[in-house]
Amino acid sequence: MEIVIAPDAERCSIIVADIITDAIVSGAATLGLATGSSPSGVYTELISRYRKKRLSFAHVHAFLLDEYVGLPTGHPESYAQVIKTQFAEHVDLEPCRVHSPYVKDTDLFEAARRYDTRIAKLGPIDVQILGIGVNGHIGFNEPLSALHSRTRLKTLSEQTRRDNARFFDSIDDVPQHVITQGLGTISEAAHLVLIASGTQKAKAIAAAVEGPLSASCPASILQLHPHATVVLDEAAASQLENAEFYRYIHDHKPSAQRY
Ligand code: F6R
């Protein structure tokens, strides 16, 4: 695992945007997209590069990691809608190339299986962006998810519903269920790129990076992956103990960026 520690969240976003830009310029055609706060600066940076004509997504297929079950179509917090308004509608990524689990199906188990098959058919995903939950989840693979799990229906933990209540009027409005790519599905991407900032993520990051490989911390599967990059600000890295093995970026200036 490559661990990159940057001074702040803004610099983390630029580093991740550089990884995605390099991949697309080299011909990558499938991106895995996460939602939530962690990757939003990455999307802003990619939009800015697209507007400066340094990047095109016209040939890209994008796959969302997960989707809430039970929100009305077009709800602003449904992840398909979040990706549309935060990213896809601002670049040349056609709506038919943005894929997410179909959560209106009467058979959600079958809908999850179909999504897994579609990823396998159009994939493998070249670069998968990941955030991490304070309990170590990636996608919505909550602790004790099977390490080889496929895309499936999951129940959110109380912790995750509390954490995500900030996007809704109250915790009661946060859905109980989601369809999420499984840990096995996520692991098939060629390059996993996890971005995290803030002290609230420090414990989960220490468990994922330096703890044992364990279903108690689903993000620890990155330890098994042949190409995983973890991009952290100093606060998220603050509980790591093996500083000499990590790459520190010291300059605050985004002017060092290549795009
Ligand atoms: C979202 C997702 C989740 C989030 C995680 C962190 O698509 O898959 O794993 O990445 O819950 O969320 P934030 O970034 O809001 O702290």
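Numbering of residues begins at 1 and proceeds along the displayed sequence. Every value quoted in this text rests on a predicted model; they were computed, and no experiment measured them. Just follow the structure's listing: the first ligand is 1, and inside any ligand the first atom is 1.
- Between Y115 and Y102, the distance from one ring center to the other does not fall under 6.0 angstrom.
- Under the 3.5 Å distance criterion, the side-chain polar atoms of H148 are left unmatched by any main-chain donor or acceptor of L183.
- Aromatic ring centroids of Y68 and F168 lie under 6.0 Å apart.
- Among all non-hydrogen protein atoms, the one lying nearest atom 10 (O) of ligand 1 is G131 CA, 3.3 Å.
- For atom 2 (C) of ligand 1, the closest non-hydrogen atom of the protein is D66 OD2, 3.3 Å.
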Q) Yes or no on side chain to side chain donor-acceptor pair (under 3.5 Å) for Q181 and D66, after CA distance, side-chain angles and deciding distance? A) CA-CA 6 Å; Q181 288 189 35; D66 35 32; over 6 Å; no
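- Heavy-atom distances between E142 and ligand 1 stay at or above 4.0 Å for every pair.
- The six-membered or imidazole ring of F87 lies away from that of H90, with a centre-to-centre distance of 6.0 Å or more.
- Ring-plane geometry between H227 and H191 is classed as parallel, the angle between the planes falling under 30 degrees on a 0 to 90 degree scale with a further cut at 60.
- Polar contact check, K201 against ligand 1: a nitrogen or oxygen pair lies under 3.5 Å apart.
- The distance criterion of under 3.5 Å between nitrogen or oxygen atoms is not met by N164 with respect to ligand 1.
- Residue, atom and distance of the protein heavy atom nearest to atom 4 (C) of ligand 1 are T35 O, 4.1 Å.
- Contacts of I132 with ligand 1, taken as heavy-atom pairs under 4.0 Å, involve the backbone alone.
- Partner of N135 under the side-chain hydrogen bond (donor to acceptor under 3.5 Å, both in side chains) criterion, chosen from E158, Q159, E142: E142.
- In terms of N/O distances under 3.5 Å, ligand 1 is approached by G139.
- Judged purely by distance below 3.5 Å, without hydrogens or angles, the side chains of S157 and T160 pair a donor atom with an acceptor atom.
- Near S37, with a cut-off below 4.0 Å to any heavy atom, the atoms of ligand 1 are 13 (P), 14 (O), 15 (O).
- Remark: minimum distance from atom 11 (O) of ligand 1 to any protein heavy atom is reached at H137 NE2, 2.7 Å.
- Looking at L65 against ligand 1, only its side chain comes within 4.0 Å, counting heavy atoms.
- Among protein heavy atoms, the minimum distance from atom 14 (O) of ligand 1 is reached at S38 OG, 2.5 Å.
- With a 4.0 Å heavy-atom cut-off, ligand 1 is reached by the side chain of R166 but not by its N, CA, C or O.
- There is a side-chain donor-acceptor pair under 3.5 Å between R49 and T21.
- Ligand-side atoms of ligand 1 in range of G36: 14 (O), 15 (O), range being under 4.0 angstrom from any heavy atom.
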